[in-house]
Engineer: 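One structure is given below, represented as structure tokens, and several questions about it will come after.
Counting begins at 1 with the first residue of the sequence. Order of listing sets the numbers, starting from 1, for every ligand and every atom in it.
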Amino acid sequence: MAWQNLSVRAQENCRGGGSNVMIQGMARVSSDKFDLQTNPKGIINLGVAENQLMSKELAAILRPVNAVDPKLFGYSEGPSGSKLLRKHFADNIFNQYFEPHEPVYEDHIVFTAGCSATVDNFTFCVCDPGDGILITTPFYGGFNTDIMAKSKARVIVAHLEDGVSPFGVDQVELMQQAVDQATAEGTRVRAFVLSNPHNPLGRNYPREVLIEFLKFASRNKLHILFDEIYALSVFDYALSGEAKQEQPDQTPFISVLSIPNIEDYCEKELVHVAYGMSKDFCLNGFRCGCLVSPWNKDILEAMNSIAVFTWMSSPIEAMIIKLVENPATIDWFVKTNQRRLAESYTLTVDILRAHRIPFLPAQGGHYIWIDLRQYIPSALVNMAAAGEREAEYMLWKAMLDKGVYLNLGVAFSEKKVGFFRLSFSVPPWLLRIGLERMLRACERTFTLSASL
Ligand SMILES: Cc1ncc(COP(=O)(O)O)c(C=O)c1O
């Protein structure tokens, strides 16, 4: 076996890596990328949460920065981000948009090369190998890697059964059961991680649920990490017509930092926020994330002690400072982005509605959760109902063959078969072609069912 001279943990990763469907899908997309001129039959990526709606404007804002200035050839000020970068984030992002009950200061922030690295380093600091981190379904699949690959912690999944809303307080009972069961089996559960706004569901948690989560963390002495990486991509206020009317509620985004007297619900030192530039600032490739932990000096110190491994590069730091140094630039950027997200979202739901494809209306994020169960070939309906995923893979492969990539439910640990996450944050002309390809693939798979 070729891996025999690797560590046990590396061998585990090698064994698991190839089976990750997201990685397989991405490999196919990157080997055959759509390009209108050079590869019009290539694959359109509606699977990854990357926002291309502000690319031109970003390029104009960042172009004046000389990325090959010899001043940027050396190490930057420090591995956790320079004081200036941290101050701009505190003043111009967190204190401006997250409405913190107590101001965020630069000393509360530790930077890493991306939010994935933030979650990985956070896990390393709160878990020993084998410890557990609780997550409810469906959830952003990247958390699996962030939590398990390096720190070797375990993801403890609380499956939300039918009838239990991911945005209601009832789920807390299932969370408690998952923690109790893990504990009875010998796993020490150390933290609860969630994304708000929710990925993949694209909705905000109501205040009462956030408070129940805090109480739950306190009862179980768990750290609670709020991944708020989509905080400024909430666009529902900019919707109109049917897209507005079909919203089930108007719950605003509430950062946990904004909850007054948080100590009434949870020990403050257990509460942390993860953030980054990939989503709200459309800079996935820049690799910039951070942990905000206003009340826990120990975790900041622990994160700082390993920050050297996730140090952002100097040119990237210089460009990010350029983007966030001016509150007026951020304000314009955020509002324009939200308006464009609302437009792309509207285009998407208009087409889904016209084809009677059920979806969960989204308030924020770059994606929408859609239900393609009606396209499951009839021969596979019973198997799909029993949780057999073949029908989902079939649909997914049919889409790839037609030239469009969506992310499938299994990648988010969704138990029900036939749900997909569709990212709409691509230019409208491209979105239209992608959606047409998706529809053709679904219809073709469905018609094929007769011959199965
Ligand atoms: C909820 C959530 N957290 C973290 C990340 C990873 O962010 P980054 O690109 O900064 O590593 C993503 C990316 O999809 C995400 O959706």
Side-chain angles (χ1 to χ4, degrees), residues 20-23 25-26 29 45-52 81 85 89 93 109-124 133 135-150 155 166 191-205 224-234 253 255-256 272-292 303 307 309-313 316-317 319-320 323-324 341 362-369 405-408 411-414 421-426:
N20 183 326
V21 281
M22 252 152 74
I23 292 174
M26 279 307 294
V29 176
N45 188 349
L46 302 185
V48 178
E50 260 179 3
N51 183 348
Q52 300 172 21
L85 179 71
F89 266 66
I93 297 182
I109 304 173
V110 179
F111 274 93
T112 60
C115 192
S116 308
T118 301
V119 178
D120 172 25
N121 287 1
F122 169 84
T123 305
F124 184 87
I133 293 194
I135 312 188
T136 59
T137 56
F139 64 90
Y140 160 62
F143 285 147
N144 285 314
T145 323
D146 303 347
I147 290 168
M148 298 194 290
K150 253 167 64 195
V155 171
F192 171 43
V193 173
L194 64 137
S195 58
N196 183 33
H198 194 293
N199 179 7
L201 300 181
R203 300 200 66 78
N204 303 318
Y205 282 103
I224 178 164
L225 178 64
F226 293 83
D227 179 338
E228 299 185 353
I229 197 166
Y230 294 98
L232 309 185
S233 297
V234 175
F253 164 69
S255 168
V256 68
H272 321 275
V273 168
Y275 191 64
M277 294 302 271
S278 288
K279 310 300 172 178
D280 294 343
F281 292 92
C282 319
L283 288 170
N284 301 53
F286 271 29
R287 312 311 303 132
C288 171
C290 62
L291 184 83
V292 187
M303 294 281 288
F309 306 116
T310 51
W311 197 330
M312 283 164 58
S313 75
I316 292 300
E317 182 164 331
M319 282 194 261
I320 291 176
L323 178 59
V324 300
L341 283 169
Q363 301 179 274
H366 303 162
Y367 40 75
I368 183 164
W369 189 242
Y405 167 63
L406 265 73
N407 218 331
L408 20 65
F412 304 92
S413 301
E414 168 61 55
R421 193 193 71 175
L422 186 169
S423 294
F424 50 78
S425 50
V426 298

Engineer: So, 4.0 Å and heavy atoms of D227: is ligand 1 close enough to count as a contact?
Structural biologist: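 Yes, D227 has a heavy atom closer than 4.0 Å to ligand 1.
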Engineer: Who's the nearest protein heavy-atom neighbour of atom 9 (O) of ligand 1, and how far?
Structural biologist: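 Of every protein heavy atom, S278 OG, 2.6 Å lies nearest to atom 9 (O) of ligand 1.
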Engineer: Taking only heavy atoms of R287 into account, list the atoms of ligand 1 that are under 4.0 Å away from them.
Structural biologist: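 Near R287, meaning under 4.0 Å from one of its heavy atoms, ligand 1 has 8 (P), 9 (O), 10 (O), 11 (O).
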Engineer: Can you label the angle between the H198 ring and the Y205 ring as parallel, tilted or perpendicular, going by 30° and 60°?
Structural biologist: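 Plane angle between 30° and 60°, so tilted.
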Engineer: For the pair F143 and F139, name the ring-plane relationship: parallel under 30°, tilted 30 to 60°, perpendicular over 60°.
Structural biologist: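 Parallel, since the angle between the ring planes stays under 30°.
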Engineer: Looking only at the side chains, is there a donor atom on one of S233 and N51 sitting less than 3.5 Å from an acceptor on the other?
Structural biologist: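 Side chains of S233 and N51: no pair found under 3.5 Å.
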Engineer: Heavy atoms only, cut-off 4.0 Å: how does C115 contact ligand 1, side chain, backbone, both, or neither?
Structural biologist: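 Both of them.
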Engineer: Please lay out, stage by stage, how T137 and E414 fare under the test side chain to side chain contact (heavy atoms under 4.5 Å, CB included).
Structural biologist: CA-CA 6 Å; T137 56; E414 168 61 55; 5.8 Å; no
Engineer: Which heavy atom of the protein is the closest neighbour of atom 5 (C) of ligand 1, given with residue, atom name and distance?
Structural biologist: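 For this ligand atom, the closest protein heavy atom is Y140 OH, 3.4 Å.
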Engineer: Provide, to 0.1 Å, the distance between atom 14 (O) of ligand 1 and the closest protein heavy atom, together with that atom's residue and name.
Structural biologist: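 Ranking protein heavy atoms by distance from atom 14 (O) of ligand 1, first comes K279 NZ, 2.7 Å.
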Engineer: Return yes when S116 approaches ligand 1 closer than 4.0 angstrom through a heavy atom, no otherwise.
Structural biologist: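 For ligand 1, residue contact (heavy atoms, under 4.0 Å) with S116 is present.
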Engineer: Show the atoms of ligand 1 that are less than 4.0 angstrom away from any heavy atom in N199.
Structural biologist: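 So the answer, numbered in order with elements, is 15 (C), 16 (O).
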Engineer: Checking side chain to side chain contact (heavy atoms under 4.5 Å, CB included) for the pair R203/W369: CA distance, chi angles, key distance, verdict?
Structural biologist: CA-CA 10 Å; R203 300 200 66 78; W369 189 242; over 6 Å; no
Engineer: Are the side chains of M148 and V155 in contact, using a 4.5 Å heavy-atom criterion?
Structural biologist: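 Sidechains of M148 and V155: in contact.
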Engineer: Between F111 and M312, which heavy-atom pair has the shortest distance, and what is it?
Structural biologist: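 Where F111 meets M312 most closely, the heavy atoms are CD2-SD, 4.0 Å.
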Engineer: Short N/O distance, under 3.5 Å, between Y230 and ligand 1?
Structural biologist: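 Among all N and O atoms of Y230, at least one is under 3.5 Å from an N or O of ligand 1.
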